[in-house]
Amino acid sequence: MIELWKILLEISILWFVIYQIILFFTGTRALQVIRGIIMLLILFFLIQRLDLERLEWLLTKLFALSVLGLLIVFQPEIRQGLARLGRHHLFTLPLPEEELDNILKEIIKAVDYLARQSIGALIAIEKDVTLKPYVETGVSIDATITSELLQNIFTPGSLLHDGGVIIQQGRIASAGCLFPLNENPDLSRIFGMRHRAAIGLTQETDSVVIVVSEERQDISLVYEGKLFQGIKRDDLLTKVKQLMKPKTRKNEI
Amino acid sequence: MRYKYKFDIKKAVKHWFTTRIWLKLIALILAIMFWLYIGEELRRFLL
């Protein structure tokens, strides 16, 4: 009986670790490489079973060299992934649908007003990966989400209008938060620091970010490093709800 | 209307086991295969 519990415990721990590793690679360019490696492993297994000595020798040498190569090539992804691993919730509890609806309606009402008034805004909605490190860079608010409060925060001249607002577990967690900037020089110059911050944050986490541009009065959605510009108010609620679902990928919106 | 977030362990665990099921299934199969592989290697090494 003790043996069985030990076995189950070992398998459970291995299961959790492997699942986290797969999650880490999902949606990155490393996934294609991982698929290639798995195919090579299957080939290696077959070569071993068929006793093809020379091919087995060749593949063994190739594997030894490729490990070092992969570490060098994917160093940025590995660094990002390790940082995310440390910040990931073990269990995440989604908001009830009705609650999410009410919250999003308040956010969209605020965002619509801000866009019409040419007031810039940056709002990040936490999903599975915690935004706690970024919350700590801002001023703690911990308030119910209301359109009026969001409008007030982003009003020019307000102490907290610079930086982003983070929505965490159904509340405005903090304002004036600093998000990591995307440093891609190929990104169009029409996108300012606000958009770069949104892209940077969504590359490091799975949060959904809403950006209001004060120059163009348009609303953009940013998810997994991809920017969707010029979202209409009527579509915004549907698109954000879709992105907040666990299985949605950026190419599904 | 004030929303008070309460962490419910039962709901959280249920949510974990009902989302990304295929990915978790693949991870479970890999974990069992890896466990069997390590076990075999360890036995060979000790003997």
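A note on names: the letters A, B, ... follow the listed sequences, proteins ahead of strands, and every chain is numbered from 1.
Residues B:I32 and A:I11 approach most closely at CG1-CG2, 4.0 Å, considering heavy atoms.
A distance-only check finds no donor-acceptor pair linking the side chain of B:W35 to the backbone of A:L8 [under 3.5 Å].
Note that CG of B:L25 is 8.5 Å distant from CH2 of A:W15, once rounded to the nearest 0.5 Å.
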